[in-house]
**Student:** 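Below you will find the structure I want to go over with you.
The residues of the chain are indexed from 1 along the displayed sequence. What you see is a predicted model, and the numbers here were worked out from it, not measured in a lab. Start at 1 and go down the list; that is how both ligands and their atoms are numbered.
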Amino acid sequence: MCGIVGIVGTQPVAGRLVDALKRLEYRGYDSAGVATIHEGALDRRRAEGKLFNLERRLADEPLAGNIGIAHTRWATHGVPNETNAHPHFVDGVAVVHNGIIENFSEIRDELLADGASFKSQTDTEVVAQLLAKYTREGLGHRDAMLKMLRRVTGAYALVVMFKDDPDTLMGALSGPPLAVGYGKGEMFIGSDAIALSPFTNEITYLVDGDCVVINRKGAEIMDHNGNRVERPRQITQAAAFLVDKGNHRHFMEKEIHEQPEVISHALSHYIDFTSGTVKVDTAIDFSAVRSLAISACGTAYLAGLTGKYWFERYARLPVEIDVASEFRYREMPLSPDQAALFISQSGETADTLASLRYCKAEGLKIGAVVNVKESTIARESDAVFPILAGPEIGVASTKAFTCQLAVLAALSIAAGRERGTISAAEETALVKALMEMPRIMTRVLNSIQPQIESLSRDLSRYKDVLYLGRGTSYPLALEGALKLKEISYIHAEGYAAGELKHGPIALIDENMPVIVIAPHDRFFEKTVSNMQEVAARGGKIIFITDEKGAAASKLPTMATIVLPMVEEIISPMIYALPIQMIAYYTAVFMGTDVDQPRNLAKSVTVE
Ligand code: M6R
C-alpha cells in the first residue's frame, strides 16, 4: 500500500522525507518520489523500484527546499514506472495519494474533453488536474481543495502542495489513514505515526472526511464543507512498533478495510486492464496438466477449496484438495503430468511445506500462492503467484484470504484460456467482473457496518453458531465459522447447506443462530429450501444475500444483510466482508484479544 509523508520545515526536507519513507517500506511499494518547493519553483525526483534508487537520483541531483512531500507507490492504476510514480504535477500543483479514486475515468474523460492532457496512467492525476483547473478558474487553494474533495469519490489519503504557497501543505482522507505531526516550528503529515516517528511523537490522527491545512505554526482541521473540527493530539509509541493501526482499534479491523486497495493492487498484477484479459506468467503449462493437487491449512485451505470450484468450472481441470496435515501423509498416488498448488499467507506453514516437498519428490510442477515472496514455500516452488496483500498482522486472516481468492480466480481464468475451455468473450466478462470488485468492496464496507455491529452484539450472547452455504458459498460458510471461533471463542460450524438434513439439523432450536450465505445465484432456491427447514424448527436465521435474494425470500430472519447484486465469480470475495465483520465485532463485544487470540500464532512452523 502506498505511503505518504510531508514536511513544512525550517531546514532542507528532501533527506528527511526519504528517511520517513523508509519507515513506510513495510507497507510494500514499487516506486517512490519526492517533491519540494525552492525559490518559487516546484521540482521532484522519482524512481522505479526500491528507495535506494530514489536516493541515488537525489545524490546525483539534490533537491533543495524547506517544504516537501514524498510517496512510496504500490501500483493499482498504471504500471509501476517513473511516469506513474508520485508526486504528480499539474500547473504548479503537486499531489501524493494513497487509495483509489473510483470515479477517475469519468473525471478524466470530462477533463480530456475540456482540453486537459494527462501524463500518467494513474487515477491520482485527476486530483492534480482538478485542483489546477479550479485555481485557474479563480478559486483560492483551500476552496479548490474543498471543491475537488466534493467531486472525487473512492478511498483516498491525499497531500497537496501549491507552488505559489511555500508555507502550506493540505491533506484530506476518506478511507486510508493520515496523521498530522507537531514539531518545534515545523509540522509534518504522513500515513501513520511510524512515518512521523523520526520527527515527533506528538500526533493527531485525522478521521474520514477531514481536510487539513498545515503551516509552520500548526494545523487547521475542517470537514469537506470547510467547517472547523477538533481532533485530539496524542503521544505515540510508534517508534517502538513495526507497523501501526492508524485510526483502527485492531489490526484486523484495519486489514478488513484495506481490502479494496490491496485487491486492486493484486489484480493489477494479474490483469491487463487495457485488453481486459488475465496476464499470468507461469512455469506451469495448464494445457498439459491432467489434474491439479491443492494443499494448504486453515483459511488458506478454504481459499483453495473455492479455487477448486473455479478450476473445475472454468478450466475443466480436476482438482484434488486436502488440508496439508492430511495431504502429507495420505500417500496419494501422483505423477509428473499433474501440477500442485500450495497456498500460504506466511509461506512458512510446516504442513504445507511438507506437502510441497512430497509433491516435488514425485516430480510435479509446483506453484505457490503466497503473501511473503521471500518465504521458504516461495523459494522451493517452480512458479510463485504473489497475493500482494501487504503485511497481515492480525492472526485472523482477512485481506490475505480475499487476495488469495482474487489470485486463484485469475489463475483459473488463465488455465481456462490455455485449455481452451473458455472463450475470449467469457474471459472478458470474467475479467470485467474482477475489475469491478474493489469498487463494490468499498461500497459494501461503507454500508453494512452499523447493521453488523448491532447483529454482533446479539450474536455475542450465543454459545453456538451454524453457517450454511452452497457452491462457492460453502467454503465461505467454513471460513465464517473458522473466523468466529478463532477470535470470539464462540463454537461455530460450517456446513454445505445440503448436508443439513444429514445430521446438523438435530442441533437446530431457538438457541442456534444459523448464518445462511445465499447470493441469488443458480443455487439460491435450493439454499432457501434448507433455510425453510431451519425456520420450521425454530432456528434463528441470519440471511446474507443480495437485493434479489432478499426480495425473493419471505422467511422471518434475525437479520437480513443485503449486498449488491454481483457476478458469481466475485461473490466469495464480496460475501467474505460481512463474514469477517461479524466475527470481528462479535469478538470486540466479547472483549477478546482480537489480534492475538489465545493459543494461536500467525505463522505455524510446527506440525
Ligand atoms: O500462513 P498460512 O496461510 O499458511 O497459515 C495457514 C493458517 O494457519 C491460517 O490461515 C489460519 O487458519 C488463520 N489464523 C485463519 O484466520
Side-chain angles (χ1 to χ4, degrees), residues 250-256 258-259 262 266 294-307 321-328 340-357 359 366-381 384-408 467 475-490 492-494 572 576-577 579-584 586-587 592-607:
H250 300 99
F251 281 109
M252 183 177 175
E253 185 185 40
K254 175 171 175 252
E255 286 156 6
I256 287 173
E258 279 171 359
Q259 288 177 104
V262 293
I294 301 184
S295 180
C297 299
T299 289
Y301 162 74
L302 297 172
L305 190 56
T306 315
I321 175 159
D322 214 337
V323 289
S325 53
E326 289 301 314
F327 186 101
R328 65 183 292 189
L341 214 49
F342 298 91
I343 307 165
S344 174
Q345 187 285 130
S346 61
E348 302 296 346
T349 300
D351 284 319
T352 310
L353 181 59
S355 305
L356 180 157
R357 287 175 178 159
C359 290
I366 308 294
V369 177
V370 289
N371 198 24
V372 183
K373 283 193 269 181
E374 308 74 27
S375 60
T376 314
I377 288 178
R379 287 199 309 272
E380 296 195 14
S381 297
V384 180
F385 306 107
I387 63 164
L388 304 161
E392 190 181 63
I393 309 299
V395 163
S397 191
T398 51
K399 62 176 182 169
F401 176 61
T402 47
C403 285
Q404 284 161 350
L405 289 176
V407 171
L408 289 167
Y467 287 73
L476 210 51
L478 298 174
E479 170 64 3
L482 172 63
K483 212 94 298 170
L484 187 71
K485 57 189 154 197
E486 183 175 31
I487 57 170
S488 74
Y489 316 146
I490 293 176
E493 298 294 337
L577 303 177
I579 288 299
Q580 295 166 350
M581 287 168 92
I582 287 172
Y584 173 73
T586 306
T592 61
D593 187 348
V594 172
D595 284 332
Q596 299 276 310
R598 67 187 181 203
N599 309 335
L600 292 175
K602 187 67 187 160
S603 179
V604 184
T605 51
V606 291
E607 220 186 303

**Student:** Just do the side-chain contact (heavy atoms from CB on, under 4.5 Å) check on Val372 and Gln345 with the steps written out, would you?
**Tutor:** CA-CA 7 Å; Val372 183; Gln345 187 285 130; 4.3 Å; yes
**Student:** Can you list the atoms of ligand 1 that are under 4.0 Å from a heavy atom of Ala396?
**Tutor:**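 Listed by number with element: 16 (O).
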**Student:** Give yes or no for whether the N/O distance cutoff of 3.5 Å, strictly under, is met between Leu482 and ligand 1.
**Tutor:**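 No - when backbone and side-chain N and O of Leu482 are compared with those of ligand 1, no distance drops under 3.5 Å.
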**Student:** Would a distance-only check, ignoring hydrogens and angles, find a side-chain to backbone donor-acceptor pair under 3.5 Å from Thr306 to Leu302?
**Tutor:** yes
**Student:** Kindly indicate, with the supporting measurements, whether the criterion side-chain contact (heavy atoms from CB on, under 4.5 Å) is fulfilled by Arg598 and Tyr489.
**Tutor:** CA-CA 9 Å; Arg598 67 187 181 203; Tyr489 316 146; 3.4 Å; yes
**Student:** Which of the numbered atoms in ligand 1 are below 4.0 angstrom from a heavy atom of Lys483?
**Tutor:**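 Listed by number with element: 15 (C), 16 (O).
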**Student:** Counting heavy atoms only, which part of Glu348 comes closer than 4.0 Å to ligand 1: side chain, backbone, both or neither?
**Tutor:**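 Neither; no heavy atom under 4.0 Å.
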**Student:** Where the side chain of Lys483 meets the backbone of Gln580, is there a donor-acceptor pair that is under 3.5 Å apart?
**Tutor:**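 Flag not set: sc Lys483 to bb Gln580 has no pair under 3.5 Å.
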**Student:** Can you name the atoms of ligand 1, numbered from 1 with element, that are less than 4.0 Å from a heavy atom of Ala300?
**Tutor:** 3 (O), 10 (O)
**Student:** Under 3.5 Å, is there a donor-acceptor pair between the side chain of Thr592 and the main chain of Ser488?
**Tutor:**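 Checked: no pair found.
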**Student:** Considering the heavy atoms of Ser346, write down every atom of ligand 1 situated less than 4.0 Å from one of them.
**Tutor:** 1 (O), 2 (P), 4 (O)
**Student:** Does an N or O anywhere in Ser397 fall below 3.5 Å from an N or O of ligand 1?
**Tutor:** yes
**Student:** Geometry only, no angles: is Thr352 polar-contacting ligand 1 at N/O separations under 3.5 Å?
**Tutor:**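 So ligand 1 has no N or O lying under 3.5 Å from an N or O of Thr352.
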**Student:** Ignoring hydrogens and geometry, is there a side-chain-to-backbone donor-acceptor pair from Lys399 to Pro391 under 3.5 Å?
**Tutor:**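 The answer is yes, because a donor-acceptor pair under 3.5 Å joins these two groups.
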